[in-house]
Participant: 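Before anything else, here's the structure in question.
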Amino acid sequence: MINISFPDGSIRQFEKGTNALDIAKSISEGLARKVLAAKVNGKVTDASRPIDQDASLVLLTWDDAEGKETFWHSSAHLMAEALEAIYPGIKFGYGPPVDNGFYYDVDLGGREISQDDLKKIESKISELAAKNSPYLRTEISKEAALNYFTEKGDEYKVETIHELNDGEITFYRQGNFTDLCRGPHIPHTGFIKAVKLMNIAGAYWKGDEKNKQLTRIYGITFPKQKELDEYLQLLEEAKKRDHRKIGKELEIFVFDDDVGPGLPLWLPNGGAIIEQLENLAKKTEEEAGYYRVKSPHIAKESMYLTSGHLPYYAESMFPPMEMDGTKYYLKAMNCPHHHKIFSATPKSYKDLPLRLAEYGTCYRYEQSGELFGIMRVRSMNMNDAHIYCTEEQFESEFQAVNEMYLKYFKIFGIDKYVMRFSTHDPAKRGQKYLDMPELWMKTEDMVRNVLIRSKIPYIEVPDEAAFYGPKIDVQIWSVIGREFTLATNQVDFGQPKRFGLTFKNKNNQDEMPLVIHRAPLGTHERFIGFLIEHYGGNFPVWLAPRQVSLLPISDRHLDYAKRLEALFRKQRIRVELDDRSEKIGRKIRDAEMKKIPYMLVLGDKEEQESKVSVRKHGEGDKGQQTIEAFMEQVKNESAID
RNA sequence: GCCGAUGUAGCUCAGCUGGCCAGAGCUACUGAUUUGUAAUCAGUGGGUCGGGGGUUCGAAUCCCUCCAUCGGCUCCA
């Protein structure tokens with residue numbers, strides 16, 4: 001007998017060699033019907049694998065992330081079986097589960113597959129699923145595995161097997177399909193009740209653009225049809241919040257063919273949002289002891305040779321323009337300009353830390369396929385600043401920057417985020433990374449300390465640091481599930497060296513400062529794109545492009561409305577007047593559609609008593625208020641911090 | 001940059017098995033209406049059917065090419 005311990009702390013005895021499925025049955029048949037896989041001693045395995053010794057056991061169902069993962073992995077195999085049935089001779093690359101479903105990369109051997117074919121494949125999958133074929137695991141020698149796929153003519157699998165060690169190779173078979181796979185898998189195909197193939201895309205073999213491009217088919221499956229319907233419904237909802245759709249509807253930004261791809265034009269509504277964000281950033285930075293600077297959009301080639309951006313990053317920059325025999329580049333980053341500002345006047349330790357901030361406009365030649373709405377563009381306004389400090393000051397400066405991030409997150413109600421802390425690989429110093437071992441170790445330790453001390457959720461990713469120092473990228477998720485890097489916070493000991501930045505220390509000796517690059521609000525482009533989806537276009541009063549819409553009942557109330565308009569403008573309340581000869585219902589509808597926070601209905605009653613009838617967007621009639629009380633309220637709600 | 005899809009009025013879309021002057025709703029403009037909490041009525045205007053080339057007696061519709069956008073891949077100092 002062996003002892004099995006469960007997540008609730010209980011321990012029960014079972015026969016040696018029992019499996020998770022049998023254990024589940026001993027608890028209840030209902031549970032057994034739901035078990036997709038098992039976690040034995042922390043490792044996810046097939047529910048049918050025998051357990052030979054004392055172990056902790058978690059039964060994984062659809063409710064567990066690992067359960068879903070296994071379910072989708074098995075679904076990928078099932079799709080592969082369906083594909084092979086329809087397209088004989090097809091070859092397979094990788095077919096893993098992903099966040100929402102799974103994909104399989106396939107080589108169709110010159111055949112084409114279109115959106116219409118997906119329906120056909122879906123039917124085949126459902127048909128195969130209904131057979132309740134078990135997923136069978138076999139351990140196989142490397143030689144036998146190679147023979148199998150060589151005979152089948154699948155060079156991708158052969159290549160993969162070559163990279164594996166003998167003794168760790170397993171095959172899984174369900175129905176007529178056998179795949180190289182380490183598993184685990186769900187008990188049988190019958191669990192897969194609903195299937196939807198989402199789209200087709202090209203994907204390079206092993207993610208290398210030098211390799212052949214395979215066809216990637218994305219799909220998602222569920223144990224119940226209802227769950228698929230709900231998922232599709234969710235996608236529809238997400239579409240409604242898409243910043244590209246709302247950005248157009250609310251007239252926030254546009255792209256124009258004559259201006260160029262990735263070069264957004266901010267319409268007045270977008271301009272108003274930008275104004276508020278900059279006000280917030282400037283106030284926050286001023287309070288934190290930053291100085292504002294301003295630098296040109298272009299610079300000579302020589303500066304980018306000094307910084308080291310040329311020639312390595314020339315591809316990401318717009319091609320140079322030539323003047324009097326000298327090349328000039330549009331700036332792709334602000335740091336070199338700021339370094340020149342630092343070195344413009346002699347510095348002593350008394351000047352540090354020196355914090356230089358600028359909403360700098362940068363231009364990057366992103367590959368055409370990379371452009372995405374306003375989130376990934378070629379001209380962007382960065383909430384940039386560079387902090388020059390001593391090693392002693394580094395940790396507290398870094399901490400202060402992190403606190404600024406947290407302050408912003410609170411203001412915007414961003415509660416889902418993670419910081420990716422990228423560190424270097426000591427073995428690659430001198431090649432991929434600057435050969436400054438002491439600074440690497442010191443700064444990485446300090447950054448880690450700050451993260452731990454601030455209790456900020458972070459993940460450490462080795463070997464992903466910048467060439468010149470460790471960095472933190474802030475990942476956030478928009479409400480529609482879009483994940484992206486909002487901001488970056490980097491340590492730099494490369495550029496200070498290249499630019500020969502120094503300050504006089506207490507002993508009157510030249511010392512090199514450390515530089516922290518930081519951009520908590522990222523770029524206007526990406527951040528506003530995020531905010532549009534975050535708020536679904538319903539901006540809080542302080543950010544709303546138009547805060548108040550004046551809606552006179554009839555033309556005879558126009559004078560009163562105009563008086564209010566002038567009064568509000570003077571108070572810097574962003575107001576608009578609807579002076580059309582429309583009925584009030586129409587004016588309200590249009591203002592609601594524009595998502596303007598406050599609508600003021602103005603008629604005889606209001607004019608006589610110098611009042612306004614307040615209607616709030618999405619909430620309806622709020623009753624009357626005096627002009628003063630209303631203005632006071634809007635101003636309070638518009639105050640930043 | 002690569003694979004695939006899409007591109008018709010300011011917006012949303014119909015027309016696309018090739019064949020009368022390319023349509024609708026909303027918007028805009030003009031007029032009437034003077035209105036009390038989510039669409040007043042009438043009239044008018046508005047389109048190189050993404051650009052270019054080709055096939056054809058005839059192209060929004062078929063073919064080629066370029067551009068842009070979208071879904072991915074790759075990339076994001």
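Letters go in sequence order (proteins before strands), and every chain restarts at 1.
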Participant: Would you mind telling me which residue lines up with the more 5' stretch of RNA chain B, A/R615 or A/T215, judged by nearest nucleotide?
Facilitator: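 The answer here is A/T215.
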Participant: Which of these nucleotides, B/rG71, B/rU69, B/rU12, is closest to any side-chain atom of A/K248?
Facilitator: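 For A/K248, the side-chain atoms sit closest to B/rU12.
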Participant: Measuring only the P atom in each nucleotide, how far is B/rC2 from B/rC49? A whole number of Å is fine.
Facilitator: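 Their P atoms lie roughly 28 Å apart.
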Participant: Between the side chains of A/H339 and A/Y388, does any donor sit under 3.5 Å from an acceptor?
Facilitator: yes
Participant: Nearest-Å distance, CG (A/D578) to P (B/rA39)?
Facilitator: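 After rounding, the reported distance stands at 14 Å.
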Participant: Base, sugar-phosphate alone, or nothing: which one does A/A203 contact when heavy atoms must sit under 4.0 Å apart?
Facilitator: sugar-phosphate
Participant: Mind checking who B/rA32 pairs with, Watson-Crick or G-U wobble, both distances under 3.5 Å?
Facilitator: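 Paired with B/rU40.
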Participant: Identify the nucleotide, in any strand shown, that forms a Watson-Crick or G-U wobble pair with B/rA14, with both distances under 3.5 Å; if there is none, say none.
Facilitator: none
Participant: Please pick, from B/rG72, B/rA77, B/rC76, the nucleotide with the shortest atom-to-atom distance to any side-chain atom of A/Y313.
Facilitator: B/rA77
Participant: May I ask which nucleotide in the shown strands pairs with B/rC70, Watson-Crick or G-U wobble, both distances under 3.5 Å?
Facilitator: B/rG4
Participant: Does A/E315 make a side-chain donor-acceptor contact with the base of B/rC76, cut-off 3.5 Å?
Facilitator: no
Participant: Applying a 4.0 Å non-hydrogen cut-off, can you work out what A/L371 is touching in the nucleic acid: base, sugar-phosphate, or nothing?
Facilitator: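 Sugar-phosphate only.
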Participant: Identify whether any heavy atom of A/R216 sits under 4.0 Å from a base atom; if not, whether one sits that close to sugar-phosphate; answer base, sugar-phosphate or nothing.
Facilitator: sugar-phosphate
Participant: Using a strict 4.0 Å threshold on nitrogen-to-oxygen distance, state whether A/D621 and A/R615 make a salt bridge.
Facilitator: no
Participant: So does A/K595 pair up with A/E249, basic N to acidic O under 4.0 Å?
Facilitator: no
Participant: Where the side chain of A/E370 is defined as all heavy atoms beyond and including C-beta, which of B/rU69, B/rC75, B/rA77 is the nearest nucleotide?
Facilitator: B/rC75
Participant: Does OP1 or OP2 of B/rC70 have a side-chain N or O of A/R244 closer than 4.0 Å?
Facilitator: yes
Participant: Touch check for A/G373, heavy atoms < 4.0 angstrom, all strands: base, sugar-phosphate only, or nothing?
Facilitator: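 Here A/G373 touches the backbone only, sparing every base.
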Participant: Less than 4.0 Å between a side-chain N and a carboxylate O, is that true for A/R589 and A/E592?
Facilitator: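 Result for this pair is no, no salt bridge flagged.
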Participant: Any base atoms under 4.0 Å from A/Y468, or only sugar-phosphate, or nothing? Heavy atoms, all strands.
Facilitator: sugar-phosphate
Participant: Just to be sure I understand the rule, does A/M333 reach a base, reach only the sugar-phosphate, or reach nothing, if contact means heavy atoms closer than 4.0 Å?
Facilitator: base
Participant: Quick one: do A/K611 and A/E609 make a salt bridge, cutoff under 4.0 Å?
Facilitator: yes
Participant: Going 5' to 3' along nucleotides 26-36 of chain B, which nucleotides have protein heavy atoms under 4.0 Å from the base (write B), which only from the sugar-phosphate (write S), and which from neither (write -)?
Facilitator: -S-----BBBB
Participant: Kindly say whether, by distance alone, the side chain of A/Y365 makes a donor-acceptor pair under 3.5 Å with the base of B/rG1?
Facilitator: no
Participant: A/D473 or A/S368: which one's nearest nucleotide on RNA chain B is closer to the 5' end?
Facilitator: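 The residue mapped nearer the 5' terminus is A/S368.
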Participant: Quick check on A/K497: does its NZ atom have over 12 non-hydrogen neighbours (other residues, nucleotides or ligands) under 6.0 Å away?
Facilitator: no
Participant: Pick the C1' atom in B/rC26 and in B/rA9, then give their distance to the nearest Å.
Facilitator: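 After rounding to an integer number of Å, I get 12 Å for this pair.
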Participant: Starting at NZ of A/K239 and ending at C1' of B/rC70, how long is that distance when rounded to a whole Å?
Facilitator: 11 Å
Participant: With distance as the sole criterion, do the side chain of A/R376 and the base of B/rC75 form a donor-acceptor contact below 3.5 Å?
Facilitator: yes
Participant: Pick base, sugar-phosphate or nothing for A/S316, based on heavy-atom distances below 4.0 Å to the nucleic acid.
Facilitator: base
Participant: Heavy atoms from C-beta onward define the side chain here; which of B/rA77, B/rC75, B/rC2 lies closest to that of A/Q367?
Facilitator: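 Nearest listed nucleotide: B/rC75.
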Participant: If the P atom of B/rG47 is compared with that of B/rU56, how far apart are they to the nearest Å?
Facilitator: 32 Å
Participant: Starting from P on B/rC70, measure out to OH on A/Y218 and report it in whole angstrom.
Facilitator: 17 Å
Participant: Could you state the CG-P distance from A/N211 to B/rC3, rounded to the nearest angstrom?
Facilitator: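 Checked: the CG to P distance equals 15 Å.
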Participant: What is the distance, rounded to the nearest whole Å, between atom NZ of A/K594 and atom C1' of B/rA38?
Facilitator: 14 Å
Participant: Select one nucleotide: of B/rU37, B/rG72, B/rG71, the one nearest the side-chain heavy atoms of A/F372.
Facilitator: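 Given the options B/rU37, B/rG72, B/rG71, the side chain of A/F372 is closest to B/rG71.
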Participant: Just checking A/Y468 against A/F493, ring centres under 6.0 Å apart?
Facilitator: no
Participant: Given atom NE2 of A/H309 and atom P of B/rA77, what is their separation to the nearest angstrom?
Facilitator: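 Roughly 10 Å, once rounded to whole Å.
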Participant: Centre-to-centre under 6.0 Å for A/Y363 and A/Y329, is that the case here?
Facilitator: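 Distance test on ring centres: not under 6.0 Å, no.
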Participant: Taking atom P in both B/rU61 and B/rG18, what distance in whole Å separates the two?
Facilitator: 12 Å
Participant: Quantified in whole Å, what is the P atom distance between nucleotide B/rU34 and nucleotide B/rU40?
Facilitator: 15 Å
Participant: Provide, to the nearest angstrom, the distance between the CG atom belonging to A/D257 and the P atom belonging to B/rC66.
Facilitator: 17 Å
Participant: Please measure how far the C1' atom in B/rG45 lies from the corresponding atom in B/rU30, and state the result in whole Å.
Facilitator: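 Approximately 10 Å lies between the C1' atom of B/rG45 and that of B/rU30.
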Participant: Just checking A/W205 against A/Y94, ring centres under 6.0 Å apart?
Facilitator: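 Under 6.0 Å, so yes.
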Participant: Could you measure between the two C1' atoms, the one in B/rC67 and the one in B/rG52, and give it in whole Å?
Facilitator: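 My reading of the C1' atoms in B/rC67 and B/rG52 gives 10 Å.
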Participant: Just checking A/A332: base, sugar-phosphate only, or nothing, at a heavy-atom cut-off of under 4.0 Å?
Facilitator: base
Participant: Output the rounded distance in Å from NE2 (A/H243) to C1' (B/rC70).
Facilitator: 12 Å
Participant: May I ask you to say whether A/K622 pairs ionically with A/E619, meaning some side-chain N is under 4.0 Å from a carboxylate O?
Facilitator: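 Salt bridge between A/K622 and A/E619, a charged N being under 4.0 Å from a carboxylate O: yes.
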Participant: Expressed as a whole number of Å, how far does the C1' atom of B/rU8 sit from that of B/rA59?
Facilitator: 14 Å
Participant: Please name the nucleotide paired to B/rG58 by Watson-Crick or G-U wobble geometry with both distances under 3.5 Å, or report none.
Facilitator: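 Pairing partner, where one exists within any strand: none, as none qualifies.
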Participant: At 4.0 Å (heavy atoms only), tell me whether A/Y204 reaches a base, stays on the sugar-phosphate, or touches nothing.
Facilitator: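 Base, at least one base atom sits under 4.0 Å.
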Participant: Classify A/G369 by what it touches in the nucleic acid, base, sugar-phosphate, or nothing, heavy-atom distance under 4.0 Å.
Facilitator: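 The answer is base, as A/G369 lies within the cut-off (heavy atoms under 4.0 Å) of a base atom.
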Participant: Under a 3.5 Å threshold, yes or no: a donor from one side chain and an acceptor from the other, between A/Y433 and A/D425?
Facilitator: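 Checked: A/Y433/A/D425 side chains show no N/O donor-acceptor pair below 3.5 Å.
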